[in-house]
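These notes concern the structure reproduced below.
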Amino acid sequence: MNPKFQSLRGTNDILPDESRIWSYLEDKISDIFRRFGYQEIRTPIFERTELFVRSIGQATDIVNKEMYTFTDRKERSLTLRPEGTAPVVRAYLQNQLYTKDEVWKLYYKGPFFRYERPQAGRERQFHQFGAEVLGVMNPAVDAEIIYLGYLILKSIGLDNCELLLGSVGCPVCRPGYEKVIVAEMKEHYSELCDDCKRRYKDNPLRMLDCKNDTCKKYLKKVPAFTENLCEYCKNYLAKIEELLKLLEVPFEITPNLVRGLDYYTHTTFEFIYPHLGAQATLIGGGRYNHLIEELGGEDVPACGFAGGMERIIAALKNEKKQLPISDELDVFVVHIGTECFKSAFQLLQKIRSGGMSADMDYRESSLKSQFRRADRFKTRYVIIIGEDELKNRTAKLKNMKTGDEESIKSDNIVSELKKRLIK
RNA sequence: GUGGCUAUGGUGUAAAGGUUGCACAAGAGACUGUGGCUCUCUUUGUACGGGUUCGAAUCCCGUUAGCCACCCCA
């Protein structure tokens, strides 16, 4: 078959076999967020373009080439949200949440959009969940945010991820360190790759992330940022390390963990699942102390992370772990002959009203094919209504696991099923 | 955005320019009221649009989509 339409590049239909996994994970993740005291927030799918430009950073790849931006009928530039933090901060300011409480712990989940070349683990419409703590500057928050990510991954069976931890400094020490990089790289400028030449001017810190061999060679001589942090930042990072050790979360200090969004300050971290190819980051996050001010609020500190659903599911599949997903059907109603259809249909709805899952074949299929169907649906009990049963005002109840059959009075079917299925 | 690889029933795979075959899945039956196992039968395909050729799944071009690497990020 050649359908007239197909989904756009980088977008996917999540079919029942997959959506079962999605719902399971979403429930599990929401549950953990709630246990940690986070409340859900839902923000619109699109915002003014300027919000993302201001928050993510003019010079970043996301803003420069990866946004789904369009003009609406009033000639406003709008953008499909490429990430979750900026909208949350916007909502926090717009709704003046800070007047109701100094501290907010929020979580979200949903679709996000980036115009990139798709690849396994990278879609144009992808799905993230995330958490933000607004209003507290304390290493305990950073540590808890990291622990939260750790626990989510662990509780779904991904307990062998690597945690990378770093710091991008603060306005006190970052400019100084950028000078160190620039000074060190000055004499090699002509040999740098094109990207690094640009970064040299725009954002020297990003050079540390370069994969080019020549650049890497020279960058090795640059002292690690973790050695050049100001006393405050150094202490802050050390306290997070201390708390993570307390919580028995293994981590690795990465001197050059630079993230692609400009708003980060101090803490940055990433959970990596190494067997996933190039798209290995499952969860990424950090502290963003000046974003709220940048978007027009007071200077409120904040910290958060986001995790990628598609990647987590890919990792889970790679692990070949069985998820405890139940797709069993409680009851399948089998009918024989036109006469019995009505009673079967009525009974079906009664069973459902009684709180059990039930289905039937709406076609007049053979008994055999109805049973085959019941079997495929992993049915626990089959109810059979035929002419004999109709005459005697009874139905046959068959336990599909044991094969046992018994005859039951019509009036008692629902209660008998309940007795067996609902504990 | 750059480079490379790929596209055959619903799914997974064969056919080295000459009849699109197999397995699984799906449907019907093998007992005139009973599923899983077995057996039989049936349905369904060369991604789309051009070109080369007597003849194209096969060669060429374009489109679309997927994959891989770069880039970036969740």
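We use all heavy atoms of the structure for the numbers below, so side chains are in, but hydrogens, waters and symmetry mates are not. Lettering follows sequence order; numbering is per chain, from 1. None of these values were measured; they are calculated from a predicted model.
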Exercise. Would you say B:rG27 has OP1 or OP2 under 4.0 Å from some side-chain N or O of A:S369?
Worked result: no
For this session: May I ask you to evaluate whether A:K368 reaches the phosphate of B:rG35, defined as a side-chain N or O under 4.0 Å from OP1 or OP2?
Result: yes
Exercise. Expressed in whole Å, how much space separates the P atoms belonging to B:rG27 and B:rU6?
Worked result: 36 Å
For this session: Kindly indicate whether the side chain of A:E389 and the base of B:rG33 share any N or O donor-acceptor pair separated by less than 3.5 Å?
Result: yes
Exercise. What is the nucleic acid contact for A:G121, judged by heavy atoms within less than 4.0 Å: base, sugar-phosphate only, or nothing?
Worked result: base
Problem set entry | Sugar-phosphate, base or nothing in reach of A:A374, heavy atoms under 4.0 Å | nothing
For this session: Quote, to the nearest angstrom, the P distance that separates B:rA47 from B:rG9.
Result: 7 Å
Problem set entry | Under 5.5 Å and under 30°: A:F126 stacked on B:rA74 | yes
Exercise. NA contact type, A:G10, heavy-atom cut-off 4.0 Å: base, sugar-phosphate, or nothing?
Worked result: sugar-phosphate
Problem set entry | Atom-pair distance (CG on A:L163; P on B:rA74), nearest Å | 15 Å
For this session: Measure from CD on A:E310 to P on B:rC67 and round the result to the nearest Å.
Result: 12 Å
Exercise. Looking only at atom C1', what distance separates B:rU53 and B:rC61, rounded to whole Å?
Worked result: 16 Å
For this session: Quick one: sort the A:F113 and A:Y68 rings into parallel, tilted or perpendicular, breaks at 30° and 60°.
Result: perpendicular
For this session: State plainly whether the residues A:E406 and A:R420 are in salt-bridge range, i.e. N to O under 4.0 Å.
Result: yes
For this session: Would you please confirm or rule out a distance under 4.0 Å between OP1 or OP2 of B:rU34 and any side-chain N or O of A:Q370?
Result: no
Exercise. Base, sugar-phosphate, or nothing for A:L282, non-hydrogen atoms under 4.0 angstrom?
Worked result: sugar-phosphate
For this session: Can you check whether any acceptor in the base of B:rG3 is under 3.5 Å from a donor in the side chain of A:R117, or vice versa?
Result: yes
Exercise. With sugar-phosphate meaning primed atoms plus P, OP1 and OP2, does A:E83 contact a base, only sugar-phosphate, or nothing at under 4.0 Å between heavy atoms?
Worked result: nothing
For this session: Would you state whether a donor and an acceptor, one from the side chain of A:R114 and one from the base of B:rC72, lie under 3.5 Å apart?
Result: no
Problem set entry | Residue-phosphate contact under 4.0 Å: A:R9 side-chain N/O, B:rG1 OP1/OP2 | no
Exercise. Any salt bridge between A:K391 and A:E339, counting N to O under 4.0 Å?
Worked result: no
Exercise. A:F112 vs A:F126 aromatic rings, parallel, tilted or perpendicular, using cut-offs 30° and 60°?
Worked result: tilted
Exercise. Between B:rG35, B:rC71, B:rA74, which nucleotide has the shortest distance from any of its atoms to the side chain of A:M400?
Worked result: B:rG35
Exercise. So, A:R380 and A:D330, do they make that salt bridge, N to O below 4.0 Å?
Worked result: yes
Problem set entry | Opposite nucleotide pairing with B:rU63, Watson-Crick or G-U, both atom distances under 3.5 Å | B:rA47
Problem set entry | Any A:R373 side-chain N or O less than 4.0 Å from OP1/OP2 of B:rG35 | no
Seminar exercise, completed: Partner of B:rA28 under the Watson-Crick or G-U wobble criteria, both distances under 3.5 Å, comes out as B:rU40
Problem set entry | Spacing between A:D361 atom CG and B:rA26 atom P, to the nearest angstrom | 14 Å
Problem set entry | Polar side-chain contact A:R122-B:rC71 base: donor and acceptor under 3.5 Å | yes
Exercise. Can we say A:D262 and A:R54 salt-bridge, meaning some charged N sits less than 4.0 Å from an Asp/Glu carboxylate O?
Worked result: no
Exercise. Roughly how far apart, to the nearest Å, are B:rG51 and B:rU44 at atom P?
Worked result: 29 Å
Exercise. Across the strands shown, which category fits A:I384 at heavy-atom distances under 4.0 angstrom: base, sugar-phosphate, nothing?
Worked result: base
Exercise. Any idea how A:F271 and A:F269 line up, ring-wise: parallel (<30°), tilted (30 to 60°), or perpendicular (>60°)?
Worked result: perpendicular
For this session: Would you mind telling me which residue lines up with the more 5' stretch of RNA chain B, A:N12 or A:T60, judged by nearest nucleotide?
Result: A:N12
For this session: Taking only the side-chain heavy atoms of A:K396 (C-beta and beyond), determine which of B:rU34, B:rC71, B:rA74 contains the nearest atom.
Result: B:rU34
Problem set entry | Base B:rU34 paired with A:E405 side chain (donor-acceptor, <3.5 Å) | yes
Seminar exercise, completed: Side-chain atoms of A:S365 come closest, of B:rA74, B:rU34, B:rA28, to B:rA28
Exercise. Between the base of B:rC72 and the side chain of A:Q279, is there a donor-acceptor distance below 3.5 Å?
Worked result: yes
Exercise. With both distances under 3.5 Å as the test, what is the Watson-Crick or G-U wobble partner of B:rG3?
Worked result: B:rC68
For this session: Give A:R376 one of three labels, base, sugar-phosphate or nothing, depending on what nucleic acid heavy atoms sit under 4.0 Å from its own.
Result: sugar-phosphate
Exercise. Distance between the C1' atoms of B:rU13 and B:rG45, in whole angstroms?
Worked result: 13 Å
Exercise. Would you call the rings of A:F33 and A:Y107 parallel, tilted or perpendicular if under 30° counts as parallel and over 60° as perpendicular?
Worked result: parallel
Exercise. Heavy atoms under 4.0 Å, any strand shown: does A:G130 hit a base, just sugar-phosphate, or nothing?
Worked result: nothing
Problem set entry | Integer angstrom distance from the C1' of B:rC71 to that of B:rU2 | 9 Å
